[in-house]
Visitor: 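Shown below is the structure under consideration.
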Amino acid sequence: MYDSKWIRQNPELVRQSITPKPFLGEENATDEWAQERKPVETFLHTSSYETFKRDDCLYLFGRRGTGKTAMIHMLQYEVRAGRIPHYKYAEIIDEEDAYHELSINVRRTDPLSQLPQDDLVYLLTKKWVWILNLSAMVAVVKAEYKEHKADKDLSTIAKYLQNQNLLDFSTNPIKRLSKIITEEFEAVDNATIKAATAFVKIINRLYAPDYEQARKALVQFLKKSKSGCLVMVDSIQLYNLQDDIAEAVVTALIEATLRIYSIREANHILVKVAFPSELYPHFSPQNKEKTERKNVFILWRYRDLVSLLAKRYWQMIHKNSNPDDYTRLNDFHTARNFIYQHFPKQVTSTSNVKFDTLAYVIRHTQKKPRQVIVLFNTVLTLAEYLGASLSKITPELIVEGVHARLDMLVRGELDMYEQICPKAEQLVKRALTGAPSHFDYSTLDVLLKEVNQIIGTAGLDKEDVKRLLLECGVIGLWTERHNLSNPKKPFLWLSLNTR
C-alpha cells in the first residue's frame with residue numbers, strides 16, 4: 001500500500017512556550033498597515049498583484065494567509081500616492097461588517113428571509129450599490145473637502161454625507177445602512193407583505209433624491225478632475241455558503257461589482273473584491289461564470305517567498321535604508337545570497353537528511369507568506385531567547401525553531417472548512433493520525449474507516465471527506481509516483497503542516 005522506506009515521524013514541539021516576536025513583521029496584514037510606517041518597501045510586487053491592479057480584474061481569490069489584505073492595502077496606498085494611472089481616490093470596506101450586517105438584518109425578519117432567492121439578491125444588490133457609492137463619496141470628500149469647500153459638487157456630496165451622519169468619517173456606510181434597516185423593520189410586524197413593503201421603503205429611502213444628487217455630483221467631480229475612485233472590499237474568513245441568505249449576500253456583492261464595472265467609463269468608479277479561494281469550488285455555477293474572466297488567484301512561487309524574506313530581514317538589520325536597497329532584493333539570486341550571509345546554506349534534519357536551508361523552512365509551509373513569516377519569527381525569537389546572534393543564525397537554531405511552534409501554522413487553517421464541511425477539523429485529525437507519509441488511493445479508503453461514525457452524524461459521505469482532504473491541502477498528488485495511465489488509483493502525498 002505504501003513504500004516501506006517512508007516512516008512517519010512526529011515533530012518534537014519542545015519550545016511551545018516560545019511566542020514569536022514580529023522581527024520580520026506582523027503575521028496579520030491589517031496590523032502592519034495600521035502602523036505609522038507602512039510596509040511599502042517590504043511589499044513584493046508579484047505577478048498576481050500586477051494582474052489585480054488591472055481594471056478588468058475585479059475579484060481577488062487567495063487562501064488564508066496568502067496576502068489578500070496586504071494587496072488591497074498596497075493598492076490603496078499606490079492609488080493615494082498617485083502611482084496608479086487614472087485613479088486618485090481609494091477606500092477599503094471591511095467586508096466582515098457588511099457581510100454580517102446584511103445577513104443579520106435579513107435573517108431577523110423571518111418572512112423576508114423566505115423570499116425567493118432571485119428577489120432577495122435583487123434587493124441586496126441595490127443595498128451593495130448604495131454602500132459602494134457612498135464609500136466612493138467618503139473617499140473623495142475625505143481627500144478634498146477641507147481644501148475645496150467652495151466646490152459646488154463637493155459641497156453637495158458633503159451635505160448628503162452629513163445628513164447620513166457620515167461626514168466625520170467615524171461611522172461607515174455599512175453601519176448607517178444597518179440603522180436604516182433597523183428603523184424601518186421596527187415600524188412593521190412580521191407579516192410577509194409588510195416586511196416586503198419595509199424592504200421597498202428602505203430601497204426608496206436609500207435612493208432618495210438627495211442621494212441621486214450626491215451621486216451625480218460625485219460623477220461630475222471625478223469627471224472634471226480627470227481621476228477615478230477605487231473602492232475595495234476586503235475579505236473575511238468565515239462564510240457559510242450552505243446558508244441561502246449568506247449566499248445571497250455574496251451573490252449580490254458580485255452582481256453589484258459587475259454593475260458598477262459596466263458603467264465605469266461614465267462614472268469613473270471601480271470596485272474590487274477579495275474572497276477566500278477556499279470558497280470558489282462551492283460557488284454556484286452562476287457566480288463562477290460571473291467571476292471567472294475577471295479574477296486572479298494568488299500564487300506564491302518559491303522565489304517570491306525568498307525575496308519577501310530577504311526584504312523583511314534587510315529591514316530588520318538596516319532599519320531606515322534607501323528604497324533602492326529593497327528593490328534589488330526583488331531579484332531571487334540577490335535575495336538568496338543576502339539571506340545566506342546570515343543564515344547557514346544547509347541544515348541537517350532530525351532524520352539526518354541534509355537540506356538547503358530555505359527549502360527546508362518553506363517545505364514546512366503551504367507556500368503562504370504568513371506561515372513563512374511565522375516560522376522565521378520563531379527562529380529569531382528562539383535565537384534571542386538563547387542569547388544567540390540575530391545576524392548569524394546556526395543550523396541547529398533553524399531546525400529547532402521550525403519545529404518549535406508548528407502548532408501555530410496548523411491552528412485555524414481549517415476554520416474556513418468548518419463552514420463548508422461540518423466537523424472538518426475532527427475529520428482530518430481522526431482520518432490522518434498515524435497515517436504514513438505516502439500511500440496509494442486504496443489506503444485512503446482504509447484510513448476513512450476511522451471516521452465512519454463522524455461522517456454519519458455530520459450528514460456526509462466518504463466522497464465529501466475525500467474532497468475536504470484534497471481541497472484544504474492536507475493531502476495531494478505525489479507526482480513522482482502518480483500513474484497517469486491509471487488515474488483511478490493515483491498515489492497521494494500527505495502535506496500536513498506537522499509532518
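This structure is a prediction, so every number in the text was calculated from the model and none was measured. For this chain, numbers begin at 1 and follow the sequence in order.
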Visitor: First locate atom SG of Cys472, then atom CG of Leu427, and finally report the distance between them rounded to the nearest 0.5 Å.
Guide: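 Interatomic distance, Cys472 SG to Leu427 CG, rounded to 0.5 Å: 10.0 Å.
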
Visitor: Going by atom types only, do Lys294 and Thr257 share a side-chain donor-acceptor pair under 3.5 Å?
Guide: no

Visitor: How far apart are the C-alpha atoms of Lys466 and Asp445, what are their side-chain angles, what is the distance that settles it, and do they pass the salt bridge (charged side-chain N to carboxylate O under 4.0 Å, His left out) test?
Guide: CA-CA 9 Å; Lys466 289 177 182 177; Asp445 288 317; 2.9 Å; yes

Visitor: Can you check whether Phe43 reaches Tyr49 side chain to side chain, under 4.5 Å on heavy atoms?
Guide: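 Heavy-atom side-chain distance check passes, below 4.5 Å.
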
Visitor: Show, in sequence, the C-alpha distance, side-chain angles and deciding distance for Glu50 and His45, and conclude whether the side-chain contact (heavy atoms from CB on, under 4.5 Å) test is met.
Guide: CA-CA 7 Å; Glu50 294 303 318; His45 291 248; 3.3 Å; yes

Visitor: For the salt bridge (charged side-chain N to carboxylate O under 4.0 Å, His left out) test, which of Lys345, Arg363, Arg336 pairs with Asp356?
Guide: Arg336

Visitor: What I'd like to find out is whether the side chain of Met316 reaches to under 4.5 Å of the side chain of Leu390, using heavy atoms alone.
Guide: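 A side-chain contact exists here, since the closest heavy-atom pair is under 4.5 Å.
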
Visitor: Could you walk me through whether Trp314 and Lys311 pass the side-chain contact (heavy atoms from CB on, under 4.5 Å) check?
Guide: CA-CA 5 Å; Trp314 178 276; Lys311 287 187 170 193; 5.7 Å; no

Visitor: Got a sec: does the CD of Glu289 have more than 12 other heavy atoms crowding it under 6.0 Å?
Guide: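 Atom CD in Glu289 is not crowded, with 12 or fewer foreign heavy atoms closer than 6.0 Å.
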
Visitor: Once rounded to the nearest 0.5 Å, what's the spacing between atom CZ of Phe52 and atom OG of Ser47?
Guide: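 Result: 14.0 Å between the selected atoms.
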
Visitor: Are the charged groups of Glu255 and Lys126 less than 4.0 angstrom apart, N to O?
Guide: no

Visitor: Is a donor on one side and an acceptor on the other found under 3.5 Å between the side chain of Asn322 and the backbone of Asp324?
Guide: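 Yes; judged by distance alone, with no hydrogens or angles, the pair exists.
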
Visitor: Measure the CG-CG distance between Asn295 and Asp56 for me, rounded to the nearest 0.5 Å.
Guide: 10.5 Å

Visitor: State whether the side chain of Trp130 and the backbone N or O of Leu206 hold a donor-acceptor pair below 3.5 Å, judged by distance alone.
Guide: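 Confirmed, Trp130 side chain pairs with Leu206 backbone.
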
Visitor: Identify the residue among Glu26, Glu32, Glu27 that makes a salt bridge (charged side-chain N to carboxylate O under 4.0 Å, His left out) with Arg312.
Guide: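 For Arg312, the salt bridge (charged side-chain N to carboxylate O under 4.0 Å, His left out) check succeeds only for Glu32.
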
Visitor: With a 4.5 Å heavy-atom cut-off, do Val138 and Leu161 have their side chains touching?
Guide: yes

Visitor: If you compare all heavy atoms of Leu460 against all heavy atoms of Asp464, which two are closest, and at what distance to 0.1 Å?
Guide: CA-OD2, 3.5 Å

Visitor: Strictly distance-based, threshold 3.5 Å: is any side-chain N or O of Lys368 a donor or acceptor partner for the main-chain N or O of Arg64?
Guide: yes

Visitor: Counting distance only, does the side-chain N/O of Ser307 pair as donor-acceptor with the main-chain N or O of Asp304 below 3.5 Å?
Guide: no

Visitor: Take Tyr313 and Leu24 through the test side-chain contact (heavy atoms from CB on, under 4.5 Å) and record every step on the way to the result.
Guide: CA-CA 6 Å; Tyr313 191 69; Leu24 301 189; 4.0 Å; yes

Visitor: Would Arg467 and Glu471 count as a salt bridge (charged side-chain N to carboxylate O under 4.0 Å, His left out) here? Give the steps.
Guide: CA-CA 6 Å; Arg467 180 177 179 178; Glu471 282 186 10; 2.5 Å; yes

Visitor: How far does CG of Leu309 sit from OG1 of Thr42, to the nearest 0.5 angstrom?
Guide: 11.0 Å

Visitor: Where is the tightest heavy-atom contact between Cys229 and Ala139, given as atom of each residue plus distance?
Guide: SG-CB, 3.9 Å

Visitor: Given side-chain contact (heavy atoms from CB on, under 4.5 Å), test Met137 with Leu166 step by step and report yes or no.
Guide: CA-CA 10 Å; Met137 293 180 195; Leu166 296 173; over 6 Å; no

Visitor: Do the non-hydrogen side-chain atoms of Phe343 and Leu358 ever get within less than 4.5 Å of each other?
Guide: no

Visitor: Any side-chain heavy atom of Met71 sitting closer than 4.5 Å to one from Lys272?
Guide: no

Visitor: Looking at Asp55, Ile84, Ile72, Leu270, which one forms a side chain to side chain contact (heavy atoms under 4.5 Å, CB included) with Leu230?
Guide: Leu270

Visitor: Between Asn330 (side chain) and Leu44 (backbone), is there a donor-acceptor pair under 3.5 Å?
Guide: no

Visitor: Counting only heavy atoms not in Lys288, do more than 12 fall under 6.0 Å of its NZ?
Guide: yes

Visitor: Answer yes or no on whether Lys367 is positioned over the face of Tyr302, meaning its NZ or CZ is under 6.0 Å from the six-membered ring centre and within 45° of the axis.
Guide: no

Visitor: Looking at the rings of Tyr360 and His364, which for Trp means the six-membered one, are their centres under 6.0 Å apart?
Guide: yes

Visitor: Please indicate whether Phe332 has more than 12 foreign heavy atoms, meaning atoms of other residues, nucleotides or ligands, lying under 6.0 Å from its CZ.
Guide: yes

Visitor: Please find the pair of heavy atoms, one from Gly62 and one from Glu278, that lie closest to each other, and give the distance.
Guide: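 Looks like O-OE1, 4.0 Å.
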
Visitor: Does the ring center of His268 lie less than 6.0 Å from the ring center of His86?
Guide: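 That pair fails the under 6.0 Å test.
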
Visitor: Below 6.0 angstrom between ring centroids: does that apply to Phe275 and Phe283?
Guide: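 Yes, the ring of Phe275 comes within the 6.0 Å limit of the ring of Phe283, centre to centre.
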
Visitor: Provide the closest heavy-atom pair for Ile393 versus Ala383 in the form atom of the first, atom of the second, distance.
Guide: CD1-CB, 4.0 Å

Visitor: For a 4.5 angstrom cut-off between non-hydrogen side-chain atoms, does Ser277 reach Ile298?
Guide: no

Visitor: Report yes or no: does Asn377 contribute a side-chain atom to a donor-acceptor pair with the main-chain N or O of Pro22 at less than 3.5 Å?
Guide: no

Visitor: What closest approach, in Å, do Leu329 and Ala310 show between heavy atoms, and which atom pair accounts for it?
Guide: CD1-O, 3.7 Å

Visitor: Is any side-chain heavy atom of Leu448 closer than 4.5 Å to a side-chain heavy atom of Leu469?
Guide: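 Sidechains of Leu469 and Leu448: in contact.
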
Visitor: Any chance you could measure Met74, atom CE, to Lys53, atom NZ, to the nearest 0.5 Å?
Guide: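 That separation rounds to 7.5 Å.
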
Visitor: Check the surroundings of atom CD in Gln35: do more than 12 heavy atoms from other residues, nucleotides or ligands lie under 6.0 Å from it?
Guide: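 Yes, CD of Gln35 has more than 12 neighbouring heavy atoms, counting only those of other groups under 6.0 Å.
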
Visitor: So does Arg430 have more than 12 non-hydrogen atoms from other groups sitting under 6.0 Å from CZ?
Guide: no

Visitor: Which label fits Phe338 and His318: parallel for a plane angle under 30°, tilted from 30 to 60°, or perpendicular past 60°?
Guide: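 Tilted: the ring planes of Phe338 and His318 meet at 30° to 60°.
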
Visitor: Closer than 3.5 angstrom, by distance alone: can the side chain of Arg259 be matched with the main-chain N or O of Ala256 as a donor-acceptor pair?
Guide: no

Visitor: Counting only heavy atoms not in Arg37, do more than 12 sit closer than 6.0 Å to its CZ atom?
Guide: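 It does: Arg37 CZ has more than 12 such atoms within range.
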
Visitor: Taking the six-membered ring for Trp and the full ring for Phe, Tyr or His, determine whether the centres of Tyr280 and Phe297 are under 6.0 Å apart.
Guide: yes

Visitor: Considering non-hydrogen atoms only, spot the tightest contact between Pro369 and Leu308 and give its length.
Guide: CB-CD2, 3.5 Å

Visitor: For a 4.5 angstrom cut-off between non-hydrogen side-chain atoms, does Trp128 reach Val249?
Guide: yes

Visitor: Is the number of heavy atoms from other residues, nucleotides or ligands under 6.0 Å of Lys142 NZ greater than 12?
Guide: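 Result for NZ/Lys142: enclosed.
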
Visitor: May I ask you to decide if Gly401's main-chain N or O and Thr378's side chain share a donor-acceptor pair within less than 3.5 Å?
Guide: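 Judged by distance alone, no pair lies under 3.5 Å.
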
Visitor: Taking atom CD1 of Ile92 and atom CD of Gln76, what is their separation to the nearest 0.5 Å?
Guide: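 Those atoms lie 3.5 Å apart.
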
